[in-house]
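This report concerns only the one structure given below.
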Amino acid sequence: MPQEQTDAELLAAVARNDGEAWGALVQRHGALVYSLALRNLGNSADAEDAGQETFLRIRQSAASFRYGDDATGWIAKIASRTALKMIMRKKKRTQDEAALERT
């Protein structure tokens, strides 16, 4: 049963497209991912978007996770980087819009 598996085992199962393991991983780390995104982004709508994007990245990268590494730290790093990328995209979009208004 996936709830009894370690995070590393869940990630290995996710890499094999195990839907049950995927659900367990999202349930186990959803609050962490959301709280990191909310802290970085400042609003719940953006945090929810970042959470979804984070878990998509985790799913795509699950096979690259090295067994024995800290899975929670790995997930937190992906969540933080995803939020920062969203901030950068939003800033660039704002700058682009300002540039268009000047022309």
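The chain is numbered in sequence order, starting from 1.
- Closest approach of Ala13 to Ala21, counting heavy atoms only: CB-CB, 3.5 Å.
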Applying side chain to side chain contact (heavy atoms under 4.5 Å, CB included) to Asp7 and His29, what does each step give before you reach the verdict?
CA-CA 9 Å; Asp7 290 337; His29 293 285; 3.1 Å; yes
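- Leu38 approaches Ser44 most closely through the heavy-atom pair CD1-N, 3.7 Å.
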Between Lys90 and Asp46, does the side chain to side chain contact (heavy atoms under 4.5 Å, CB included) criterion hold? Intermediate values first, please.
CA-CA 10 Å; Lys90 187 181 271 191; Asp46 286 345; 2.4 Å; yes
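- Residue Arg66 places its CZ atom among 12 or fewer non-hydrogen atoms of other residues, nucleotides or ligands, all under 6.0 Å distant.
- Across all their heavy atoms, Ala24 and Leu10 have their closest contact at CB-CD2, 4.0 Å.
- One N or O on the side chain of Asn40 and one on the backbone of Leu36 form a donor-acceptor pair closer than 3.5 Å.
- Linking Ile, Leu, Val, Met, Phe, Trp and Tyr whenever their side-chain heavy atoms come within less than 4.5 Å leaves Ile78 and Met86 in two separate clusters.
- Remark: the backbone N or O of Thr6 is paired with a side-chain donor or acceptor of Glu9 at under 3.5 angstrom.
- Rounding to the nearest 0.5 angstrom, the gap separating the NZ atom in Lys77 from the OG1 atom in Thr72 is 13.0 Å.
- No continuous path of ILVMFWY side-chain contacts below 4.5 Å connects Ile58 to Leu56, so the two sit in separate hydrophobic clusters.
- Atom CG of Leu41 is separated from atom CD of Glu48 by 11.5 Å, given to the nearest 0.5 angstrom.
- Considering OG1 of Thr82 and CD1 of Ile87, their distance stands at 11.0 Å, rounded to 0.5 Å.
- Under a 3.5 Å cut-off, the side chain of Asp69 and the backbone N or O of Ala71 do not form any donor-acceptor pair.
- Considering every non-hydrogen atom in both Ser64 and Ser61, the closest pair reads OG-O, 2.7 Å.
- Under a hydrophobic clustering in which Ile, Leu, Val, Met, Phe, Trp and Tyr are joined whenever their side-chain heavy atoms come within less than 4.5 Å, directly or via other members, Ile75 and Val26 fall into the same cluster.
- Linking ILVMFWY residues whenever their side-chain heavy atoms come closer than 4.5 Å, directly or via other members, places Phe55 and Trp74 in the same cluster.
- Residues Val33 and Gly51 come closest through the heavy atom pair CG1-CA, 3.7 Å.
- A 4.5 Å side-chain heavy-atom check between Arg57 and Glu53 finds at least one atom pair inside the cut-off.
- Between Leu32 and Ala76, the shortest heavy-atom distance links the atoms CD2-CB, 4.4 Å.
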